[in-house]
There are 2 protein chains.
Amino acid sequence: MFRIGEFAQIAQVSGRQLRFYDQIDLLRPARTDPQTGYRYYSIRQLPRLNRILALKELGLSLDQIAPLLENEISPVELRGMLIIKRSQVEQSLREEEARLRHIESRIAQIDREDGMDGYDVVVKSVPATPFLALKCSCQDMEEAVHMIRAVADDGGRQVRIALRDKLVVVARNDHEDEKLELEIGFSLTRPSNASVRIAGDHVLKPSELPAVATMATIVRVGTDPTSHSSFGAIGTWIEANGCEIAGSCREVFLEPVVGSPGLAAALVEIQFPVRKAA
Amino acid sequence: MFRIGEFAQIAQVSGRQLRFYDQIDLLRPARTDPQTGYRYYSIRQLPRLNRILALKELGLSLDQIAPLLENEISPVELRGMLIIKRSQVEQSLREEEARLRHIESRIAQIDREDGMDGYDVVVKSVPATPFLALKCSCQDMEEAVHMIRAVADDGGRQVRIALRDKLVVVARNDHEDEKLELEIGFSLTRPSNASVRIAGDHVLKPSELPAVATMATIVRVGTDPTSHSSFGAIGTWIEANGCEIAGSCREVFLEPVVGSPGLAAALVEIQFPVRKAA
DNA sequence: GTGGCGGTTTGACGCGGCGTCAAAGTCAAG
DNA sequence: CTTGACTTTGACGCCGCGTCAAACCGCCAC
């Protein structure tokens, strides 16, 4: 018979641990002195403790281990538990790997002394949304900004405020064309069939922004100057994450765009639909 | 301004989470109505929340994130934190991989319907111990058992009980010889220079069992019948763990071996020194 | 006004597996 | 008998919220 400290030393566990296992009836000492409360362990209890430790290392919880020790669980059930556990471990392995890649890419980013702003990429899911937008192809950014401003201002006036939600620009990058294929318009709070004619003989037509389950997003202030760096950041992120782009990029203006400095000072969320690369 | 529920929906977090971040001063709402206590968030707070979420995904704790948000931390310090985090993640990756291999080998074991007893392999470290033992080489198991019994009985009588600790058999398996190169003796509670002569003109000589940092161990009842299966189990375990054997195997008799059925009914701990395979 | 429903508040407990005190009692050696 | 090492119970801490509960608030329909 050993006192708790000796037994703890033999089994390389802490005394607190043994007391805890006693408390939850996982491993009770062979004898407990009723006078003093001292716990006395037999070396014969070592196999049980070792079994506990071995199963714990497999990732099973103490609640799961308890019935195993009492042989209240058939090998088939244990197999089932292990199958589940395996998939959990595989999942967490993938997550840890992704985490590791992200950490490394951030370290590399610091070493490059990049502007470290706006590297807060977050994945979220977005639901399908009714959309009222103008399709157009622009030669350059300048023309695009002009069109966006036109839609924001004129459309903002003509679409009822209760219906209008947020200004959204969708960039279709299917073909490696020089031109920017854009859809510029408003997400809507509820579906609507009405078209809206704005200045310059353009028409906003109703459609739908499809739902995206995994969308890599980044929020940025202002459209132009840092545009390149934040796109770069999200690209780096996607690469580090082992993902690939799975659709057209969106820019969502989170605040109503008002007046002349509106676009430059606006809070914009860049969204890239992504999926796990094959 | 959004109420907590709307903001939570936008950012894809729970309201409880936002309340918690408020509580720990990580993200306070833009305004809190002093009358009702209602929290009102501005969309301008989304970047901060996103930064929190992004850093959290890197594995940083909220306590670590807080100063980062206040720019109280230089990029160099952040880099240091990330380096540390990286090594932690690498470590946990290795552990998870080992866990996965162990789970899979146990599933395979169930599928083979092996006797599932005694697969509770536990790694521990053992300190160096003074040792009083007889070196001998035996032709077969029968002779070995005979020698062990001789040492146990006769040595047990002659070595003072306060000095004697446990019966230990060390199996040197350096050369692929047929013969068993054994050291049979007692671990001692303190160093001693005395030799002990036992029956059959054999002599127990003092030496030392070297310390082993990582020892794969398994506890078993009885020496003979299941010997093969438990050695198999520990071998499988070592393989699954990506380890290799790094020294001579030991059998430690955890209980004093008394009388005739002593060896067969004894509680024995098999020990294999291991190290990570290259 | 008023009833109702859905959102919000604070507050508390729970989780998992112990670590880490603190105060008081026990054991064995000198 | 003293001393110092060990043990007991009990409580709180951890980390990041989830999940109640009871009470309160806002907005819409009547």
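The sequence lines fix the lettering, A, B, ..., with proteins before strands; numbering per chain opens at 1. Predicted model only: the values in this text are computed from it and were never measured.
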Which atom pair, heavy atoms only, marks the closest approach of A30(A) to Q45(A)? N-OE1, 2.9 Å
Residue of the set R250(A), R220(A), M215(A) for which side-chain contact (heavy atoms from CB on, under 4.5 Å) holds with I270(A): R220(A)
What residues 18-44 of chain B contributes to the DNA chain D interface at heavy-atom separation below 4.0 Å is F20(B), Y21(B), T36(B), Y38(B)
Exceeds 12 heavy-atom contacts within 6.0 angstrom, atom CD of E6(B): yes
Heavy-atom count around R101(B) CZ within 6.0 Å, excluding the residue itself: above 12? yes
For atom CD of E239(A), is the number of surrounding heavy atoms from other residues, nucleotides or ligands below 6.0 Å larger than 12? no
Side chain to side chain, R106(A) and L58(B), heavy atoms closer than 4.5 Å: yes
Which pair of non-hydrogen atoms, one from I4(A) and one from G15(A), has the smallest distance, and what is that distance? CD1-O, 3.6 Å
Nearest-angstrom distance from the residue atom CG of L49(B) to P of dC17(D): 11 Å
Within residues 53-63 of chain B, residues whose heavy atoms come under 4.0 Å of DNA chain C: none
Between the main-chain N or O of R190(A) and the side-chain N or O of S192(A), is there a donor-acceptor pair closer than 3.5 Å? no
May I ask you to decide whether K124(A) forms a salt bridge with E269(A), counting only side-chain N to carboxylate O separations under 4.0 Å? yes
Can you tell me if K85(B) uses its side chain to pair, donor with acceptor, with the backbone of I103(A) under 3.5 Å? no
Suppose we screen for side chain to side chain donor-acceptor pair (under 3.5 Å). Which residues come up paired with Q35(A), at least two apart in sequence or across chains? none
If you count every heavy atom of other residues, nucleotides or ligands that lies below 6.0 Å from E208(B) atom CD, does the total exceed 12? yes
Is a donor from one side chain sitting under 3.5 angstrom from an acceptor on the other, for E96(B) and S92(A)? yes
Of all the heavy-atom pairs spanning L53(B) and A11(B), show the shortest one and how long it is. CD1-O, 4.3 Å
Reading DNA chain C in the 5' to 3' direction, which nucleotide is the first one with an atom under 4.0 Å from a heavy atom of chain A, and which is the last? dG17(C) to dC27(C)
Can a salt bridge be assigned to the pair R48(A) and E70(A) using a cut-off of 4.0 Å between side-chain N and carboxylate O? yes
For DNA chain C, which residues of residues 1-16 of chain B approach it to below 4.0 angstrom with any heavy atom? R3(B), I4(B), G5(B), R16(B)
The helix from dG1(C)-dC30(D) to dG30(C)-dC1(D): angle between terminal helix axes, five bp per end, to the nearest 10 degrees, reads 30°
